[in-house]
Enquirer: 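Quick one: the structure is below, and I'll ask about it shortly.
Whatever order the structure lists ligands and atoms in, that order sets their numbers, starting from 1.
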Amino acid sequence: MSTPQLVVHRDKELMAQAAAARLITKIVDAQAARGSASVVLTGGRNGNGLLAALASSPARDAIDWSRLDLWWGDERFLPDGDPERNVTQAREALLDKVELDPSRVHAMPASDGPYGGDADAAAAGYAAELAAAAGPEDHGPVPTFDLLMLGVGPDTHVASLFPELPAVRETERTVVGVHGAPKPPPTRVTLTLPAIRAAREVWLLAAGEDKAEAAEIALSGAGEIQAPAAGAYGRGRTLWLLDAAAASGLPRALYPPASA
Ligand SMILES: O=C(O)[C@H](O)[C@@H](O)[C@H](O)[C@H](O)COP(=O)(O)O
């Protein structure tokens with residue numbers, strides 16, 4: 001378990017730009033070291049804001065987009081192409097603007113896909129896809145992600161792991177269906193904490209006043225069932241990327257001065 005590190009930026013816009021620059025460097029370094037990179041994307045405003053910032057970055061094409069494996073931390077269980085799906089929003093923000101290898105873009109199943117409207121079957125199918133991509137050197141039935149990003153919800157949820165609901169309590173399966181999520185839509189598919197913790201690095205994105213309480217709760221020793229973000233950590237590094245508004249409730253000693 002890696003102790004959370006915090007970086008605080010002046011505002012939401014700067015946080016998105018700085019996180020995008022950090023992501024470019026992370027991917028370029030992974031590709032230089034291992035020939036390819038594996039990244040798990042998140043949905044939500046902060047996650048999509050980061051992707052949009054990356055799309056407009058002058059350094060964007062330092063990444064070899066053909067050697068990048070993309071996975072998702074969660075997905076709204078809706079028909080393919082639905083504007084509310086995380087993959088739809090990621091395509092609009094970035095993915096349709098770069099030359100990815102389609103076989104390396106692993107979207108979670110849609111509700112009109114091979115599993116029909118069965119979110120639990122869709123989750124099992126995605127777990128099988130992850131297991132098939134895992135190698136002997138990996139930690140369990142998921143590939144070792146270089147980076148897994150998570151937007152933090154105002155209630156401290158990450159991915160579709162909501163406080164007290166069954167999915168955050170899962171200790172064996174890597175992907176589960178979610179029913180009755182408090183954040184619409186109610187039916188989702190999500191990685192579980194064991195899958196999240198297989199990542200080398202986990203970045204948690206929290207920008208905006210509405211995330212201040214969640215950051216304070218998650219970083220003050222709360223349990224992962226009550227505060228799922230508290231249970232999201234990487235094997236080598238856990239990094240919270242915040243803006244000053246989201247960090248406003250944190251003890252000043254917990255984080256360095258906000259960037260200029
Ligand atoms: O499917 C989703 O809704 C996201 O994956 C979810 O986990 C999101 O990251 C958080 O709810 C934060 O969302 P915002 O950045 O929009 O606050």
Enquirer: Can a salt bridge be assigned to the pair Asp82 and Arg85 using a cut-off of 4.0 Å between side-chain N and carboxylate O?
Expert: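 Not counted as a salt bridge, because no side-chain N and carboxylate O are separated by less than 4.0 Å.
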Enquirer: Can you give me every donor-acceptor pair (side chain of residues 53-61, partner residue at least two apart or in another chain, under 3.5 Å) with its distance?
Expert:
{"from": "Ser56", "atom 1": "OG", "to": "Ala52", "atom 2": "O", "distance (Å)": "3.4"}
{"from": "Ser56", "atom 1": "OG", "to": "Ala53", "atom 2": "O", "distance (Å)": "3.1"}
{"from": "Ser57", "atom 1": "OG", "to": "Ala59", "atom 2": "N", "distance (Å)": "3.0"}
{"from": "Arg60", "atom 1": "NH1", "to": "Ala55", "atom 2": "O", "distance (Å)": "3.1"}
{"from": "Arg60", "atom 1": "NH2", "to": "Lys97", "atom 2": "O", "distance (Å)": "3.4"}
{"from": "Asp61", "atom 1": "OD1", "to": "Trp65", "atom 2": "NE1", "distance (Å)": "3.1"}

Enquirer: Less than 4.0 Å between a side-chain N and a carboxylate O, is that true for Glu75 and Arg188?
Expert: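 No.
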Enquirer: Rest of the hydrophobic cluster containing Leu165 (Ile/Leu/Val/Met/Phe/Trp/Tyr, side-chain heavy atoms under 4.5 Å)?
Expert: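 Reading the cluster by chain and number, Leu165 sits alongside Phe162.
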Enquirer: Does any pair with a residue in residues 104-136 pass ring pair (Phe, Tyr, Trp, His ring centres under 6.0 Å), and if so which ones, sequence neighbours excluded?
Expert: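 For residues 104-136, and leaving out neighbouring residues, the ring pair (Phe, Tyr, Trp, His ring centres under 6.0 Å) pairs sorted by first residue read Trp71-His106, Trp71-Tyr126.
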Enquirer: Can you list, by chain and residue number, every protein residue with a non-hydrogen atom closer than 4.0 Å to ligand 1?
Expert: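 For ligand 1, the residues that come within the 4.0 Å heavy-atom cutoff are Thr42, Gly43, Gly44, Arg45, Asn46, Asp74, Arg76, Asn86, Gly151, Val152, His157, Ala159, Lys183, Arg188, Lys211.
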Enquirer: For Thr190 and Asp74, what are the C-alpha separation, side-chain angles and deciding distance, and is it a side chain to side chain donor-acceptor pair (under 3.5 Å)?
Expert: CA-CA 4 Å; Thr190 187; Asp74 74 330; 5.2 Å; no
